[in-house]
Trainee: 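There's a structure below that I have some questions on.
All residue numbers in this chain count up from 1 along the given sequence.
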Amino acid sequence: MASFEEECIERYFLAPGSSGPIGSVYVADEDLLEIFGVAELEQARRQLIKSIPHVTILRSRFSGLTSPLQGRPPDYVRILVFLCWMQTTKMRQRGDRDFRQLMSKQLGEDFTGFKMNGLDMMWEHLQEFLQRVHGIELVLPDIVPSISRIGRTLQMAFPTWRDKAALRKLRQYIASDHLLDPLMIANRINTSRYLLGDTMQSFEYNFEKFDTARKRGHREHEATPFWQAWYGVVAEQASIEEIEVVESDFGGYELFRVPPVGERVPILTPEDAAKLVPKPLARLISSGLIFLERLGHGRYRAQAKTPSDILLMHVSKFAQCDRTTIRSSVAVNASWVVVSTRGRLDETAPAALGKREFGWHDGIRVGTSAYLGRSPLTPTIAGPLPEAIKVEVGGRSVELLRVGDEMVLSPGVYSGTALARSLGKSQEILMVARANEVGVTRRLAFGLARDIPEDDFHQGTAPSTGSELEIWSGDRVQPCDELVTIGEGLYERTARGLPFSEAVEIVRRAIRFTENHPSEWDILRSFADAGWLESTFLRHFPARRVLQRELSAHSVDETTVVICGPTPLAVVDRLSVAARAAGGALETWNGASSWSLPRYVFRASSDSVRREFLRRAELAEMPEWRAAVPDRADHGDPHGFRVVGKLVRERGFFAATFDKQMTDGLYRIERPEGRIHFYYRSVIPGKLDQNYVSPSVALLSHHLRLGGDIFEFRDGVVFARAAGVKLPSSWARWASNVSLCNPGPSNVSGVWRYEYPAGDGAVGAISKLVPISKKTGLPSGWRESFVRSASNRDRKIYDNRSRQVRAATGMHGKN
């Protein structure tokens, strides 16, 4: 498995080696989940075992009969990574300490007493290769006589049982209030290492990395293997995690447990985190009534002390409620409901955050040491006295805006060293103006084994398989700064996949200083419809995530190439250079709204120039479209499923309901005992019931089954008549390829709506699949009222949308 071998070299040696000598290898369980793109650790373990050579080859490698060839690249790094992982994984039982027995359990072969002469050969060959080819120093531990054959492999892994034993001993000497104080931990280790006993090279190496990161500030120490290992030991006894409820589109919610360090972890029910949260909150979980504190932007934190008017409630409690006191309710799953009670509900109230230590927080990391310098996505700065904080970027003072107890850099683009000062302290970070381009090996590709596309059976289909251009002739607008900032942030964070809720949070942060803007759901949808992202559902867990799509090309003819996929600033810059080098030019085609992403087209003078551009830009042709179908029937029996929500057609979201019978409507159903995603069942009297996996596809198909016009075509754009309905992203991408104009939200007479710019040909093809009413009249609103008003007779207005002069008599003139 060459790609896995390359991933191991890059992740565990080249990346850490860029910042100094390597003295340890930290292979986290989460790394394997990410690399293999699975949700369960057991699945990742099986994939890892499958990726290493057959046991007969392993025995030959371990014994030294097969040694690495001098001067040749290593082909065994995945073996060393496996050996380091098996010593540190959470799957290892606490009593498992013998190296060969661990191997036997993992591989199903007996290695008791087996000679391991080949391990030193592999480590020394890797050390020479890294130094000769990459200039990276791999520091190997001294050979310990008692464990001469396996000693280096034992000492390179972190954290092994020896490291955890040392950390557990350290935990006894730290007060409970200071268990997560990095300064206290560092001071204790520096002044009393004798308390910990003999420690391996990997412990010393990782502690030094942690201590250096702690001194640099910006909470960088939280990402170090040492701090992750320390937190794991602390969490064995201290229940200090939190529960967050995050709003999703279509009226859904997802649950997460949030450790003090690391990323949010999706959970099915609050009971999954009951042993990890403080006891008062655990008691509320068992009682079935949890108070929620607003964090802003559709996020809520479970709390145990202060009653609130928004609650996470067990269905048994929900059934006992007086419905007149309930303002709204949405099912999280078959067991829990988010309930908003009547009373004061201040949606704009700022999050109640505690005082934070001085330093930089959050932000989007670019590379290993820089942060995206596009505010409001820049890191925030906090301190005991926010008003005393001053920030300079590149030696120039920067205006700060206060958000809660934090200070945010005023909207703009920043590049260079950012220095924050407050009360005699200072901390600095490096900011860059744009995201790094994502390489093929770094990007996590879409896989049907683990992901279900939001388009479901519409994925990869198009209303027509023709490739002729029908360039949209309407007015085009440059994208706004907020949209460019969102694009840079999403591109950087989605390389390895990103939870849908975190992608929405990036959008919300980017628009928090913008007064008039579309919904965050429509903004994120525009990135999917523009071909940047693929919105998916995890196949084996009820959660959503977005994946970054591959950059590709669509050759319209011998001289025209349409660029498909994500096009952040770094990619556009590279494509522009490649276009000039090939002898052509890269054109920019903006969208119909400032919230629509631009399209890019390469123009060549001949077919040879086109082929040269594709070679230089390293672009492959996108797959051929398949013919689209309006709907696909799935009449499966919903036995074992339970209703948890029903569509409110007027608003386009699923309200909580637990009806035993599905009589009429679109229902969200769930299998309570399974770790499985929701299904959506369309029930229409007189027709067979149908099931869907994707809520967006279910909405479209349900309205299609009901009959009537679902979309409308007016003034060169298609838009939905029904709330929440969208065209499949695959169709939107096809239409954008034809019209060279991406879809997106647009403000029409003060109301935001999602529009698909298209010509008559594209609309004709789409209308064969879904009903579209075609109106040649001008948009309704104040213009129509002006024209119909008798008091305005003989007066004229200029309609900038139709580019016509309109008279109150109803006659239209030309500009």
Trainee: Can you see whether Tyr667 has Arg681 sitting over its ring - NZ or CZ less than 6.0 Å from the centre and within 45° of the normal?
Mentor: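 No - Arg681 does not lie over the ring of Tyr667 by the 6.0 Å and 45° rule.
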Trainee: Regarding Glu30 and Lys90, does a basic nitrogen lie under 4.0 Å from an acidic carboxylate oxygen?
Mentor: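 A salt bridge links Glu30 with Lys90.
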Trainee: Do Glu271 and Thr269 get their side chains close enough for a donor-acceptor pair, meaning under 3.5 Å?
Mentor: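 Yes.
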Trainee: Does a side-chain N-to-carboxylate-O contact under 4.0 Å join Arg512 and Glu505?
Mentor: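 Judged by the 4.0 Å cut-off on N to carboxylate O distance, Arg512 and Glu505 do not form a salt bridge.
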Trainee: Only counting residues at least two apart or in another chain, list the ones meeting ring pair (Phe, Tyr, Trp, His ring centres under 6.0 Å) with Tyr680.
Mentor: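 Applying ring pair (Phe, Tyr, Trp, His ring centres under 6.0 Å) to Tyr680 gives Phe654.
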Trainee: Classify the ring geometry of Tyr692 against Phe457: parallel below 30°, tilted from 30° to 60°, perpendicular beyond 60°.
Mentor: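 Tilted, since the angle between the ring planes falls between 30° and 60°.
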Trainee: For Thr536 and Arg544, does a side-chain donor sit closer than 3.5 Å to a side-chain acceptor?
Mentor: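 Thr536 vs Arg544: no donor-acceptor pair found between side chains.
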Trainee: So Leu255 and Pro270, do their side chains get closer than 4.5 Å, heavy atoms only?
Mentor: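 With C-beta onward as the side chain, the pair touches.
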Trainee: So that I can tick it off, tell me whether Arg301 and Glu293 are bridged by a salt bridge, with the cut-off set at under 4.0 angstrom between side-chain N and carboxylate O.
Mentor: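 Salt bridge present between Glu293 and Arg301.
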Trainee: Which value, rounded to the nearest 0.5 Å, describes the distance between Arg443 atom CZ and Arg549 atom CZ?
Mentor: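 So the gap between those two atoms works out to 9.0 Å.
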Trainee: Would a 4.5 Å heavy-atom cut-off, applied to side chains only, mark Ile506 and Leu498 as touching?
Mentor: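 Side-chain contact under 4.5 Å: yes.
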Trainee: Between Trp731 and Thr461, does any side-chain donor sit less than 3.5 Å from a side-chain acceptor?
Mentor: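 The criterion, which ignores hydrogens and geometry beyond distance, is satisfied for Thr461 and Trp731.
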Trainee: For the residue pair Tyr300 and Leu312, establish whether any side-chain heavy-atom pair is separated by less than 4.5 Å.
Mentor: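 In short, these two side chains do not touch, never coming nearer than 4.5 Å.
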Trainee: Is Asp451 salt-bridged to Arg539, going by a charged N under 4.0 Å from an acidic O?
Mentor: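 Looking at Arg539 together with Asp451, the answer is no, because their closest N to O distance does not fall below 4.0 Å.
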Trainee: Please check if any side-chain donor atom of Asp529 sits under 3.5 Å from a side-chain acceptor atom of Tyr754, or the reverse.
Mentor: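 Yes, Tyr754 and Asp529 have a side-chain donor paired with an acceptor closer than 3.5 Å.
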Trainee: Less than 4.5 Å apart, side chain to side chain, heavy atoms only: is that true for Glu406 and Ile381?
Mentor: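 Heavy-atom side-chain distance check fails, nothing below 4.5 Å.
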Trainee: Less than 4.5 Å apart, any side-chain heavy atom of Ser694 and any of Asp455?
Mentor: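 The answer is no, as the side chains (C-beta and beyond) never meet within the 4.5 Å cut-off.
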Trainee: Taking the basic N atoms (NZ, or NE/NH1/NH2) and the acidic carboxylate oxygens, is any pair closer than 4.0 Å for Arg257 and Glu242?
Mentor: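 Looking at Glu242 together with Arg257, the answer is no, because their closest N to O distance does not fall below 4.0 Å.
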Trainee: Thinking salt bridges, do Asp573 and Arg434 make one under a 4.0 Å N-O criterion?
Mentor: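 Looking at Asp573 and Arg434, the cut-off is met.
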Trainee: Thinking salt bridges, do Arg545 and Glu502 make one under a 4.0 Å N-O criterion?
Mentor: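 No, this pair does not count.
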Trainee: Are Glu454 and Lys726 within salt-bridge range, i.e. N to O under 4.0 Å?
Mentor: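 Result for this pair is no, no salt bridge flagged.
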Trainee: Should Trp589 and Cys741 count as side-chain neighbours, where that means a heavy-atom distance under 4.5 Å?
Mentor: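 Result no, sub-4.5 Å side-chain heavy-atom pair not found.
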Trainee: Evaluate Thr514 against Glu482 for side chain to side chain donor-acceptor pair (under 3.5 Å), listing each step before the verdict.
Mentor: CA-CA 8 Å; Thr514 306; Glu482 292 87 349; 3.0 Å; yes
Trainee: Report the residues that fulfil side chain to side chain donor-acceptor pair (under 3.5 Å) with Ser576, sequence neighbours left out, ordered by chain and then residue number.
Mentor: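 Side chain to side chain donor-acceptor pair (under 3.5 Å) list for Ser576, sorted by chain: empty.
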Trainee: Is Arg299 salt-bridged to Glu244, cutoff N-O under 4.0 Å?
Mentor: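 Salt bridge: yes.
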Trainee: Between the side chain of Ser375 and the main-chain N/O of Leu409, is any donor-acceptor distance below 3.5 Å?
Mentor: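 Flag set: sc Ser375 to bb Leu409 pair under 3.5 Å.
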Trainee: Would Trp752 and Asn516 count as having a side-chain donor-acceptor pair, cut-off 3.5 Å?
Mentor: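 Looking only at side-chain atoms, Asn516 and Trp752 do form a donor-acceptor pair, the distance falling under 3.5 Å.
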Trainee: Could you tell me whether the side chains of Arg753 and Asn747 share a donor-acceptor contact shorter than 3.5 Å?
Mentor: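 Side-chain D/A pair, Arg753 to Asn747: absent.
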